[in-house]
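Each remark here refers to the structure printed beneath this line.
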Amino acid sequence: MSEQQTRPTPLTPPTRRSRPLNRRNVLTRSSRFGPNMTPMVDVTLVILIFFMASASIAGHEWFLRAQLPEVQDPDLVSSGFSLPTPMLSAELFVRDGAVYVRGFGDAPRPIGAVIEQIRNMDDELAAGLILGIRAGDDVPYSAVVSLHDAAAFREMRVAIR
Amino acid sequence: MRNRSIISGEGAGARINVTPMIDVVMVLIVFYLLVGQLAIDRKASIDLPISAIGIDETQESDPIVVGITQSGSLTINGVDFDADRFVGEIEGMHARSPNTPIRIRAHRDAPFGHIRPVMHQLRDIGISGVELVTERGS
């Protein structure tokens, strides 16, 4: 760099050009111009990933379809019944703290055995059947859903009474 | 002029303009915030029963969500209703949009004695089927 460039004459007013034009210095200054966005981008991306993960966790739900027949008691059906007569009927009740099912076999059976029986049914036999579920007041809702789940697994339609 | 052109960006072609990216990211965050808030409104803290099979939710459907807690408290789309107002509210909603599905989110340990009356009330106002929300399980 020449001495003339670094030392302007006293008559010349100071200008930008009077300062040394070093390309590297200009680039460095320009890169520091304005706020540093990097931390903000980092935080923003972390928040975004958090919300995406939360949304995916909250989405682990699905549903089972159940019909609500118009007539509660199938024994009283003679006319006006909106559904075909269920070919299977299950009545859930609680005995000694366990849930039993009446309607599958001669004697009431534990719900676990009935679920296994439904799951092991022949596909052709089960498909298209309607399972009518009736449950006592003290039967936990999860037991009703378990039976419904097994029936849906075999592509049965389910009506809850 | 050379100095100005470098500062204005012509000479700094290697720098990445992050402004559009931040715009997009901010829009996504706002979207997820809103969706999360709606999801919280709809999904009160209820332990759902588990099922190995089910039907996935579709984005098109905007169901009426009936919540039933273990103690039998009722909600519609996250808003508490007592048993007397529940029927009228559901009936009004169903009359306004009869094709809207009704989805029941009931606590897994709730006795069925709390759920059956709700189903019977729904049936009595002309609803022939409901969707029982469950948690994915094996």
Any heavy-atom pair between the side chains of A:Tyr141 and B:Leu132 that's under 4.5 Å?
yes
Atom pair CZ/CZ of A:Arg134 and B:Arg116 - distance to nearest 0.5 Å
9.0 Å
Looking at residues at least two apart in the chain, or sitting in another chain, which of them share a salt bridge (Lys or Arg N to Asp or Glu O under 4.0 Å) with B:Asp80?
none
Proximity breakdown for B:Leu48 and chain A, heavy-atom pairs closer than 4.5 Å
side chain
Counting C-beta onward and ignoring hydrogens, is there a side-chain heavy-atom pair between A:Leu45 and B:Met21 closer than 4.5 Å?
yes
Just verifying a value: how many Å separate B:Met26 CE and A:Met40 CE, rounded to the nearest 0.5 Å?
3.5 Å
Check whether A:Phe153 and A:Leu125 end up in the same hydrophobic cluster, where Ile, Leu, Val, Met, Phe, Trp and Tyr are linked by side-chain heavy atoms less than 4.5 Å apart.
yes
Contact class of B:Val18 relative to chain A, heavy atoms under 4.5 angstrom:
side chain
Do A:Val43 and B:Phe31 sit in the same hydrophobic cluster, where Ile, Leu, Val, Met, Phe, Trp and Tyr count as joined when their side-chain heavy atoms come under 4.5 Å apart?
yes
So, the part of B:Ile22 with a heavy atom under 4.5 Å from chain A: the answer is side chain
Between CD1 of B:Ile127 and CD of A:Gln67, what distance do you get to the nearest 0.5 Å?
14.0 Å
Quick check: do B:Arg105 and A:Glu61 have side-chain heavy atoms less than 4.5 Å from each other?
yes
I need the A:Ile133 CD1 to B:Phe112 CZ distance, nearest 0.5 Å.
8.0 Å
Pick from B:Glu131, B:Gln70, B:Arg108: which one has the most heavy-atom pairs with chain A under 4.5 Å?
B:Glu131
Are A:Phe93 and B:Met119 linked, directly or through other ILVMFWY residues, by side chains that come within less than 4.5 angstrom of each other?
no
Are there residues of residues 94-110 of chain A whose heavy atoms fall under 4.5 Å of chain B's heavy atoms? If so, which?
none
For the OG atom of A:Ser142 and the CD1 atom of B:Ile50, what is their distance to the nearest 0.5 Å?
9.0 Å
For B:Leu28, is it the side chain, the backbone, both, or neither that has a heavy atom closer than 4.5 Å to a heavy atom of chain A?
both
Group every Ile, Leu, Val, Met, Phe, Trp and Tyr by side-chain heavy-atom contacts under 4.5 Å, then state whether A:Ile49 and B:Val25 land in the same group.
no
Where do B:Ala52 and A:Asp149 come nearest, in terms of heavy atoms and distance?
N-OD2, 2.9 Å
Using non-hydrogen atoms and a 4.5 Å limit, figure out which bit of A:Leu92 sits close to chain B: side chain, backbone, both or neither.
neither
Out of B:Asp124, B:Leu122, B:Ile55, return the one with the most heavy atom pairs under 4.5 angstrom to chain A.
B:Ile55
Heavy-atom neighbours of A:Gln117 CD exceed 12 at 6.0 Å
yes
Shortest non-hydrogen contact from B:Tyr32 toward A:Leu48
CD1-CD1, 4.1 Å
With a 4.5 Å cut-off on side-chain heavy atoms, are B:Ile53 and A:Leu64 touching?
yes
To the nearest 0.5 angstrom, please state how far the OG atom of B:Ser51 sits from the NE2 atom of A:His148.
9.0 Å
Would you check if A:Trp62 and B:Thr134 make a side-chain contact, meaning some heavy-atom pair closer than 4.5 Å?
yes
